[in-house]
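First up is the structure itself, then whatever we jot down about it.
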Amino acid sequence: MARIVFDLDGTLIDSVADIAAAANATLAEVGEAPLSVDQARSFVGAGAVVFVERMARARDLPDPAPLVPRFLHHYEGAVTQTLIYPGVEAALARLEQRGHSLGLCTNKPHLPTQAVLAHLGWADLFDTVLTGDSLPQRKPDPAPLLAAFDALGTGPSIYVGDSDVDAETAARAHVPFVLFTPGYRTTPVEDLPHTAAFDDWSEIPNVIVSLGV
Ligand SMILES: O=C(O)COP(=O)(O)O
Ligand SMILES: [Mg+2]
């Protein structure tokens, strides 16, 4: 049986509306105009600090540092607009029934990750959870992904994610990468290295079988 690790934002959940709301609450506090949801989506993937750096650049703010704690404060409980992609829960239940172990490796910080997992009733769904601040390194550094696989014991490894950062992380960790194409990637599918791709969660159990694990 395999160790299957999943990314969170843009892979299991569509959370950009909550992230944009936290960003826009932050910008409002410093008298700046809001981001569009599309703009916010294009800034997600490399963690909260990089998100704030991109947001500050978009508003010509020279120093992102003071915005980081403000953004994290608004982000902590930002769960109400987040949606689970259709078919995710049935697919994860199926994989678990087949005996695979399931982990989470996200660049989302610990507090909003815990908040959204609790909100969705997923607090006990994953056998291990690595967040953007669990280790000194975050994706695309392979360390958190490798730590997630280690925590799941032994067996073949598969990483499922949506973004350019995820593709690079998997390549650097030397593990097969399964790409969820409707997520938050900013690069065409054909330009992202991947082992397999899918656009509907009902396909994932068969995709995993096709990888021979
Ligand atoms: O917080 C981010 O930037 C991205 O989170 P993810 O790694 O779950 O896609
Ligand atoms: Mg993602």
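Counting convention: from 1, in listed order, for ligands and their atoms alike. The chain is numbered in sequence order, starting from 1.
No side-chain N or O of Asp166 forms a donor-acceptor pair with one of Thr169 less than 3.5 Å apart.
With waters neither drawn nor counted, the protein N/O/S atoms under 2.8 Å from the Mg ion (ligand 2) amount to 3.
The shortest separation from a heavy atom of Ser163 to ligand 1 is not under 4.0 Å, leaving the residue out of contact. Proximity of Gly10 to ligand 1 is not established, as no heavy-atom distance is less than 4.0 Å. Ligand 1 does not have Gly132 within reach: every non-hydrogen atom of the residue lies 4.0 Å or more from it.
In the vicinity of Val44, heavy-atom distances shorter than 4.0 Å reach the ligand 1 atoms 2 (C), 3 (O), 4 (C). Listed by atom number, the atoms of ligand 1 under 4.0 Å from Leu8 heavy atoms are 8 (O). Close approach of ligand 1 to Asp7 (heavy-atom distance below 4.0 Å) involves ligand atoms 6 (P), 7 (O), 8 (O), 9 (O). Within the listing of ligand 1, atoms 5 (O), 6 (P), 7 (O), 8 (O) sit less than 4.0 angstrom from a heavy atom of Thr106. Ligand-side atoms of ligand 1 in range of Lys139: 7 (O), range being under 4.0 angstrom from any heavy atom.
Here Phe51 and Tyr75 keep their ring centres 6.0 angstrom or further from each other.
Neither the backbone nor the side chain of Pro109 has a heavy atom within less than 4.0 Å of ligand 1.
In this structure, Arg172 places its CZ atom where more than 12 heavy-atom neighbours from other residues, nucleotides or ligands lie under 6.0 Å away.
Shortest contact from atom 5 (O) of ligand 1 to any protein heavy atom: Asp9 OD2, 3.0 Å.
With Arg70 as the fixed residue, the salt bridge (Lys or Arg N to Asp or Glu O under 4.0 Å) test singles out one of Glu29, Glu76, Glu32: Glu29.
Using a 30° and 60° split on the angle between ring planes, Phe198 and Trp201 fall in the perpendicular class, above 60°.
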